[in-house]
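What you see below is based on every heavy atom in this structure, not just the backbone, and it leaves out hydrogens, waters and symmetry mates. Both counts, for ligands and for their atoms, begin at 1 and track the order of listing.
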Amino acid sequence: MTENENITTLLKEKRLFKPSALFQKTAYLPSFSALQTLRKKILKKPELFWAAEARKLKWIKPFKKVLVWNPPFAQWFPDGKINISENCLDRHLITARKNKAAILWEGEPGDTRTLTYQELHREVCRFANVLKNIGIVKGDRVSIYLPMIPELPIAMLACARIGATHSVIFGGFSAEALKERNVDAQAKLLITADGGYRKGQAIPLKANADIALAGSPSVEKVVVVRRTGAPVAMLSGRDFWWHELMRSASSVCPPEPLDSEHPLFILYTSGSTGKPKGALHTTAGYLTQAAWTTRMIFDLKEEDTYWCTADIGWVTGHTYIVYGPLSNGATVVMYEGAPLHPQPDRCWEIIEKYRINVFYTAPTAIRTFIKFGEEWPKKHDLSSLRLLGTVGEPINPQAWLWYHQVIGKSKCPIVDTWWQTETGAIMISPLPGATPLKPGSATAPLPGIQADVVDKTGKPVPPDQGGYLVIQKPWPAMLRTIYGDPERFKKQYWSQIPGAYFTGDGARKDKDGYFWIMGRIDDVIKVSGHRLGTAEIESALVSYPQVAEAAVVGRPDEVTGEGIVAFVTLQGRTQPDPILREKLIEHVAKVIGAVAKPSEIRFTDALPKTRSGKIMRRLLRELATSGQVKGDVTTLEDFSVLTKLQAAEEEE
Ligand code: WTA
């Protein structure tokens, strides 16, 4: 590999934030040396470390075998039997957690519900009996298309209790997306609701589901939760009301003994090609890593109130709202609606109201909060916060510092957690009492995880050189396959870099061994032979005071191979003008280097995003290249953003 084929990385961040003595005083892992000792101890045999963690769970039949590895297929603790819902619920009922709040739920209109562990257990057992009564058996697939209401985790845990495999489809997805997922999973049952609240409106979920159901022949029955009270069509013999089925359901339902490798859930994720991939996750290994990472990374204590703002329709919600926190007996806040509704301080209001201690959100949300200004968080008492987290994309140092100072009052460590739908749980992250933080870096692989940055041949690249982020040993929460397509699983993840799982991300390691994620490899731009991570250029743009958000894409260029086009949104009332444009280009040149200078900057009111907040660079790339968008836009959250961008294109 010649040097030019490596990813050129130019962004350097030198600030270092050490955990405070106050935080360390109560942290599970209270010092850097404690972390180093742990790392050293488990380096050679990480599977024994995971086995020790697995033994802390409640087993129906203890395992003897730890790992069977037939690359790329792994089995963890394969001869054991376990039930996840028992671990998340029953286990706590014989302790003081019995009457502790498991879920503090807040609806978008302001209605609330609290479920203690005992109450949640009862609801889960009753719904598990409902599932059995309508003919669902172990191994069946169940699609769940619900808003963020307590019935969503109840349905998931009820499936887990009887051994049905759930496939949660984000409530913001279209009928088409739901149909595709019903068909791929051959789901026998669909659980949905009359609707859900989002930005003050009732979203008609059942109406969408009905369109999907017309093309989902495997779905025999539908259970409908009453949430908004909107009138819905109920097809006799197929559709049933949740509350009616629950009325007569018994609350006694022993947990089904399940193999460690029993399929717990399928979660669909988009790849670089159009067809969604169903990442298949299984039981015991997944729970082991979910439970350990939740406890250690969020340093979760018995008395903490914890809030992860993700939607359960994404993997973050699966692992860090449901399975991780509940298996630890934590109190979880769950919020139904939009973060800016009815005002931009809804999140800060919730933090104040519930006295939240640990807050986990996405960089895109943080940048949106920055855009609305400090006056919103300043209206609220955020002093209960002791730890902050981010997930989902690289966080630019500027946003990191804002989060640290304005929200965390410079006293809360920030855990920047790198992972994927496919990895099932966090893989690269600080441990908050131990790891000195560098803004913008997810720091280092967790103890027990072997990850590195390599070239195409699998050889580690030298410090500060970009390369491919890979994982070199199987880990407990890894996806086991792509549902129904083991060949695609092999090809997609295990054949691009010899002997390793390829994440699809570019990254670099600095001389201290810190990992800097540069974004998806397919978002990488090659200018004059240099590959540049979009995240770095975006981060440079966003560090300019008037810039709120930026997305950068490559466009074919005769001279340089690819040219950089930057789409930029501005703070508050700043008006775009040619001088600002020039200043921004110079700023990027200053921060990263002349090679990264955008050849064009387009100002826009908003960027096209998926419903989970990821910028859809693919659409911007098409727009920058051909002036229009013809590709798949089903995952786009707000279509008007695209219309406006296209109109602006025609004007220019
Ligand atoms: C990106 C979300 C930088 C990355 C849990 C990954 C991140 C993809 C981070 C997976 C982070 C996630 N820093 N990039 N802390 N966390 N990513 O499947 O590109 O929705 O491959 O899982 O998000 O997205 P997914």
Side-chain angles (χ1 to χ4, degrees), residues 7 9 11 13 168 170 265-272 276-279 281 289-290 293-294 297 308-321 323-324 360-367 388-397 399-400 403 414-430 435 437-446 449 451 453 466 468-471 477-479 482 492-493 496 501-508 514-524 533-536 538-539 609-618 635:
I7 300 165
T9 166
L11 195 69
E13 172 60 55
V168 179
F170 174 56
F265 68 86
I266 302 169
L267 189 58
Y268 286 87
T269 178
S270 47
S272 36
K277 300 172 287 192
H281 284 282
Q289 197 177 333
T293 51
T294 305
I297 293 168
C308 164
T309 64
D311 192 287
I312 294 178
W314 310 114
V315 74
T316 305
H318 279 58
T319 308
Y320 297 107
I321 298 178
Y323 295 114
Y360 188 34
T361 193
T364 181
I366 296 167
R367 289 193 299 267
L388 303 172
T390 68
V391 59
E393 49 179 319
I395 180 163
N396 45 296
W400 193 99
Y403 195 33
I414 297 178
V415 286
D416 174 351
T417 62
W418 179 92
W419 60 297
Q420 309 177 295
T421 304
E422 292 88 341
T423 68
I426 297 170
M427 304 289 280
I428 302 179
S429 165
T435 314
L437 307 172
K438 297 188 186 185
S441 168
T443 74
L446 295 172
I449 300 298
V453 180
Y468 304 93
L469 178 64
V470 294
I471 302 160
M478 68 187 260
L479 81 164
I482 291 176
Q492 179 96 35
Y493 301 109
Q496 306 192 36
Y501 167 90
F502 176 42
T503 62
D505 281 357
R508 73 177 162 94
Y514 279 57
F515 283 59
W516 298 78
I517 311 296
M518 296 159 66
R520 307 289 301 167
I521 256 345
D522 43 15
D523 285 337
V524 159
T534 51
E536 291 188 313
E538 289 164 6
S539 176
K609 290 183 184 169
T610 63
R611 293 176 176 97
S612 67
K614 285 204 169 67
I615 295 169
M616 295 182 78
R617 291 190 187 73
R618 179 171 54 80
T635 53

Side chains of Tyr320 and Thr293 only: does a donor on one sit below 3.5 Å from an acceptor on the other? yes
Parallel, tilted or perpendicular: which one describes the rings of Tyr468 and Phe502, with boundaries at 30° and 60°? perpendicular
In order of chain and number, which residues sit within 4.0 Å of ligand 1 by heavy atom? Val315, Thr316, Val391, Gly392, Glu393, Pro394, Asp416, Thr417, Trp418, Trp419, Gln420, Thr421, Asp505, Ile517, Arg520, Lys614
Sequence neighbours left out, what passes side chain to side chain donor-acceptor pair (under 3.5 Å) with Asp505? Give chain and number order.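 Expected list: Trp418, Arg520.
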For Trp516 versus Tyr514, what's the shortest heavy-atom pair and its separation?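 Minimum heavy-atom separation between Trp516 and Tyr514: CD1-O, 3.3 Å.
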Tyr403: what forms a ring pair (Phe, Tyr, Trp, His ring centres under 6.0 Å) with it, not counting sequence neighbours?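 Applying ring pair (Phe, Tyr, Trp, His ring centres under 6.0 Å) to Tyr403 gives none.
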Can you list the residues that meet the side chain to side chain contact (heavy atoms under 4.5 Å, CB included) rule with Ala444, with sequence neighbours excluded?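 Side chain to side chain contact (heavy atoms under 4.5 Å, CB included) list for Ala444, sorted by chain: Arg39.
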